[in-house]
Amino acid sequence: MPRLLRFVLSYVLVGAAVAVAVVTFMPDLLRTQESPRPVVELRRAEPLPADALGHDPVSYAAAVNKAAPAVVNIFTSKRVAGRSSPLLNDPFFRHFFGDLLPDASQRVETSLGSGVIVSPQGYVLTNNHVIDGADEIQVALNDGRFTKAVLVGADPETDLAVLRIDLPDLPVATVGDSSAARVGDVVLAIGNPFGVGQTVTQGIISATGRTQLGLSTFEDFIQTDAAINPGNSGGALITAHGDLIGINTAIYSRSGGSMGIGFAIPVQLAEQVLADIIQHGRVIRGWLGIEAQMITPELAESFGLSSTEGVIIAGVLRNGPADRAGLRPGDIVLRLNDEPVRDSQSLLRLITQHKPGERLRIDGIRQGRPFQTEAIVAERPTVR
């Protein structure tokens, strides 16, 4: 074998031996460097403590036993004008049948609803539309007792009414804190749907602070998917611990039955109405005598505003509190007593929570310039 060939083969054998050694003992040297993978930060659930495992609620019977005795069925009746048949007015029939003929000039309409006993003195909270126009109101308790109820007062602007019954040893609801209600909390609705008797349905709080639904003047509803049907109105919305947090009021429905969208008046609002009606026979609210309009993006642009917060005064009642304070149509109200006015609902709330005679400082914009004035609050006229 020529010397050159032997020289080349020796280097080939050495190279092969080195390659075998690298593959066998240092394989990482042959890997290409990869770009680092992006790190995805996931928010992971905290592990449950050991003593919490296996203790999820499986029954709400204790909550129902606590609240249900205070939920009552309400039956109302009223006399309305009826249609008279010509035969009933015929002298021939009158001659032979006389007083045996029914009085067709009137007929009796009945309706049903629910209510909640909230004090040992017999005060019952319900909806105004349950008892509106009733000539007689009957209340049936869960323990089988039945009695007449007296209407203490009603507030159509919140759709609440207060009744009173006179019975000993009344069961009373435990009032919770509706301001602490959270979306996702379990709630139970108790009432008398379709007159079948006291019924409990379960769901969650779907939303809080619902407004602009057109159900009443003052709206701050708790929305729930607990089934609420006709006859549930005025009944209790309670927590999983049996505490009252709302008065069931209305449903959104295309069929007349529950579609999983029900609304309840927060119990804190109902408490304020209850206190005023018991003390004064009516709800006393502040009033300025103005008509307000929401600020749309288009109006904000035309007025040179940076946001849509605030309201535009669309009308001022002559000689009313706002008129005497110098407010004019076209003024933009931004704050009342340093509280921001975000929309028409917040303006209404801020005005009505002040008592008649109190002073209310108003900050706003008039013709592009800031202004400030002070109004003396009057009492809001009663809505019939």
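A quick note: this is a predicted structure, and the numbers were derived from the prediction, not measured. Residues take their numbers from the sequence shown, with the count starting at 1.
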Looking only at the side chains, is there a donor atom on one of [X] and [Y] sitting less than 3.5 Å from an acceptor on the other?
X: N127; Y: T249; answer: yes
X: S119; Y: Q121; answer: yes
X: Q138; Y: E136; answer: yes
X: Q268; Y: S179; answer: no
X: T76; Y: S111; answer: yes

More than 12 heavy atoms of other groups within 6.0 Å of [X] [atom1]:
X: E301; atom1: CD; answer: no
X: R328; atom1: CZ; answer: no
X: D169; atom1: CG; answer: no
X: N337; atom1: CG; answer: yes

Salt bridge (Lys or Arg N to Asp or Glu O under 4.0 Å), that's the test. Do R359 and E374 meet it? Break it down for me.
CA-CA 7 Å; R359 294 182 177 274; E374 192 175 75; 3.0 Å; yes

Any side-chain heavy atom of [X] sitting closer than 4.5 Å to one from [Y]?
X: I74; Y: L163; value: yes
X: D331; Y: V316; value: no
X: L348; Y: I351; value: no
X: T201; Y: L188; value: no

| field | R210 charged N/C atom sitting above F221 aromatic ring, 6.0 Å / 45° | value | no

Go through the structure and list residues passing side chain to side chain donor-acceptor pair (under 3.5 Å) with [X], not counting sequence neighbours.
X: Q367; value: none
X: R335; value: none
X: R324; value: none
X: D143; value: R145

| message | Working note: K78 + D132, criterion salt bridge (Lys or Arg N to Asp or Glu O under 4.0 Å); need CA distance, chi angles, decisive distance, verdict. | response | CA-CA 9 Å; K78 62 180 176 181; D132 188 30; over 6 Å; no

Minimal heavy-atom distance between V162 and I277, with the atoms involved, is CG2-CD1, 3.9 Å

Could you check D155 against R282 for salt bridge (Lys or Arg N to Asp or Glu O under 4.0 Å), going step by step and ending with a plain yes or no? CA-CA 7 Å; D155 181 38; R282 67 188 189 283; over 6 Å; no

Members sharing F75's hydrophobic cluster, built from side-chain contacts under 4.5 Å between Ile, Leu, Val, Met, Phe, Trp and Tyr, are L112, F146

Members sharing M294's hydrophobic cluster, built from side-chain contacts under 4.5 Å between Ile, Leu, Val, Met, Phe, Trp and Tyr, are none

Practice task
Could you go through the salt bridge (Lys or Arg N to Asp or Glu O under 4.0 Å) check for R285 and E157 one step at a time?
Solution key: CA-CA 11 Å; R285 299 185 175 97; E157 294 196 296; 3.5 Å; yes

- Message: For D243, is there an ion pair with K66 - N to carboxylate O distance below 4.0 angstrom?
- Response: yes

